[in-house]
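For the numbers below, each heavy atom of this structure counts, side chains included, while hydrogens, waters and symmetry mates do not.
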Amino acid sequence: MKLTPSRRLYALGLVMLAALTICSRKLGSMDGPSFIIPLAVAGIAYLLAIRELFFTPRFPRRVIVIGLALGVLWHLAFLLMPPGSDDDIHRYVWDGRVQRLGYSPYIVVPSDPALAALHTPETRTLNNPDLPSPYPAGAELFFRAITAIHESVFALKVAFVVCDFAIVLVLLDILGRSGQAAHWVLAYAWNPLLATEVAGTGHVDIVGVLLLLLSFVALERRWRAVAALAFGLAVAVKLLPIVLLPLYWRRVRMRDAALAAVAVGLLYVPFFNPGRIPIGSLGTYVQSFRFNDPVFTTLERVAAPQLVVGLAVLVGFLTAIWMRIKAPALSADAFAWPMAASLLCAPVVYPWYLLWLLPFLQSASTVPIIIWTVSIIPTYYVWHLRALGRPWLVPGWIMLLEYGSVVAAAAVTGFRRFRRRAATGCSTD
């Protein structure tokens, strides 16, 4: 029997389904090898699937449909499992709950004994209970809206999975209108981070990703007001996409930008208090939180943390400016690289932060970022180390594996591009 590209893709999808289903059973504890090994197997199968997407011009529609159905199955496997007792999603439930009870999540401290009666079984184990919330207003209002429907971790996870599936539909529309092969939707839908960090532990980043992708679509269609508004709302979920501002220069009008600024400002109105800026523990986050940050740690030895964070933002801005100059036409990789560059210099690089990059990884130039979404998987080992009483620190060998893989992929990609240019030059001569 001939092993066609379609059959190879089916086989890789089945490997991912088996590996991720096994992995989902250890979601709550992230129990070392029994969690990381099947997740790593899924990551390798994903990279092999990406290779098939690159080397096959078109897959039949049935292959894409079956591929998406497999993705739904492993999403369900994670969705039905409870997350860890101190995962961020428990903070989301708390933030939504206290808002509905008339408190500001930017002021109240969950560990305050005076607030003990406000807790539920799902919020008593939230992480960093001695700090108020650091999330922007858009995220906070989303928490409030979902917990008003049903106050539970599961309700939030369902909402995040709905956003994930909506992104798939938007990507199919983008690929169809641009004439690209529809199978590239699987480059997004099959990424293992979606299973672990959206359907599994549940992170609000996916809401911002959907808004940012809608902004990208609106820019393509020249719906400038919609593009600006969706971008502003994405920033109001998490601050990372702020580095993409240069890509909007002269693509949206000043009145559109003003509309977005007003909309974001209105989101903060419910949280304003005299003498207080509604940023919660964001300053503490910058000052004290560290994870998977080799570049930031190196720079922090010679500069204050606030300055290094500013440098991370500047790196993202400069990358966006360079992408804008290099390719005046709007492209997906122009959205991916500035955020990736900023994250590379950030004080905290959790796996779910890379969710912001996933919808924009559809070209050979983004292969190093695709590699990063898989090479970051070993960092989950830190959760296992913490359970053993070890420090909250990414071992050096894991960071070497993670970032070394990215550097190697970037070197190979750059070398191949150089060879193609040299070959083109020779043939022209």
Side-chain angles (χ1 to χ4, degrees), residues 20-21 23-31 35 71-112 115-167 193-211 233 236-238 267 270-271 280-281 350-352 355 383:
L20 289 173
T21 301
C23 181
S24 69
R25 303 306 168 188
K26 297 293 183 179
L27 176 66
S29 60
M30 292 190 179
D31 190 16
F35 176 83
V72 169
L73 290 177
W74 64 65
H75 270 68
L76 288 175
F78 276 88
L79 180 63
L80 297 175
M81 298 300 294
S85 60
D86 65 343
D87 282 332
D88 288 350
I89 196 166
H90 297 279
R91 166 75 71 163
Y92 302 166
V93 176
W94 166 263
D95 285 1
R97 176 175 174 78
V98 297
Q99 287 179 73
R100 290 169 27 247
L101 294 175
Y103 299 90
S104 170
Y106 296 120
I107 298 176
V108 298
V109 175
S111 61
D112 186 346
L115 303 176
L118 301 184
H119 279 285
T120 68
E122 288 191 327
T123 65
R124 287 194 180 97
T125 61
L126 59 77
N127 55 20
N128 304 302
D130 55 334
L131 296 174
S133 185
Y135 300 105
E140 294 293 351
L141 293 174
F142 183 85
F143 304 152
R144 178 171 184 165
I146 300 303
T147 55
I149 299 170
H150 192 272
E151 189 181 284
S152 68
V153 164
F154 184 72
L156 281 163
K157 287 177 60 170
V158 169
F160 296 148
V161 169
V162 169
C163 290
D164 183 11
F165 290 169
I167 290 172
L193 292 181
L194 293 172
T196 57
E197 302 301 343
V198 178
T201 55
H203 283 95
V204 73
D205 301 67
I206 198 67
V207 179
V209 175
L210 174 59
L211 290 166
L233 294 177
V237 172
K238 281 284 184 77
L267 295 179
F271 306 107
S281 59
Y350 289 126
W352 55 90
L355 293 174
W383 276 262

Close side-chain approach of Trp94 to Phe143, heavy-atom, < 4.5 Å: no

Residues forming a salt bridge (Lys or Arg N to Asp or Glu O under 4.0 Å) with Asp86, sequence neighbours excluded: Arg386

side-chain contact (heavy atoms from CB on, under 4.5 Å) between Val72 and Leu76, worked out: CA-CA 6 Å; Val72 169; Leu76 288 175; 4.2 Å; yes

Asn127 and Asp87: side chain donor to acceptor below 3.5 Å: no

Which residues share a salt bridge (Lys or Arg N to Asp or Glu O under 4.0 Å) with Arg100, sequence neighbours left out: Glu151

Phe271 and Tyr106 aromatic ring geometry - parallel, tilted or perpendicular at 30°/60° bounds: perpendicular

Smallest separation among heavy atoms of Pro83 and His90, with atom names: CG-NE2, 4.2 Å

Reported OG-to-CZ distance for the pair Ser111 and Arg124, which is rounded to 0.5 angstrom: 14.0 Å

Shortest non-hydrogen contact from Thr196 toward Leu27: O-CD1, 4.5 Å

Reported CG-to-NZ distance for the pair Leu211 and Lys238, which is rounded to 0.5 angstrom: 13.5 Å

Aromatic contact, Phe142 with Tyr92 (centres under 6.0 Å): no

Reported CD-to-CD1 distance for the pair Glu197 and Ile206, which is rounded to 0.5 angstrom: 10.5 Å

For the student: nearest non-hydrogen atoms of Phe78 and Leu20, plus distance: CE1-O, 3.2 Å

Pair Asp205-Phe160, side-chain contact (heavy atoms from CB on, under 4.5 Å): steps then yes or no: CA-CA 9 Å; Asp205 301 67; Phe160 296 148; over 6 Å; no

Distance, nearest 0.5 Å, that separates CG of Leu355 from CG of Leu210: 12.5 Å

Heavy-atom side-chain contact between Ile107 and Pro132 under 4.5 Å: no

Name of the residue among Arg91, Gln99, Glu140 meeting side-chain hydrogen bond (donor to acceptor under 3.5 Å, both in side chains) with Ser133: Glu140

pair Leu233-Leu267: side-chain heavy atoms closer than 4.5 Å: yes

Under 3.5 Å: donor-acceptor pair, side chain of His75, backbone of Phe165: no

Flag, side chain of Lys157 to backbone of Ala199, donor-acceptor distance under 3.5 Å: yes

Over all atoms of both residues, closest heavy-atom pair of Ser281 and Leu131: CB-CB, 4.0 Å

Check: Thr147 side chain, His150 main-chain N or O, donor-acceptor pair, under 3.5 Å: no

Donor-acceptor pair, side chain of Arg97 and main chain of Leu118, under 3.5 angstrom: yes

Close aromatic pair by centroid cut-off 6.0 Å: His203 and Tyr350: no

Shortest non-hydrogen contact between Phe35 and Lys26, atoms and distance: CD1-O, 3.8 Å

Value rounded to 0.5 Å, distance of OG1 in Thr120 from CG in Leu126: 9.0 Å

Interatomic spacing from CG in Asp88 to CG in Leu156 - rounded to 0.5 Å: 11.5 Å

Closest heavy-atom pair and its distance - Val153, Ile89: O-CD1, 3.6 Å

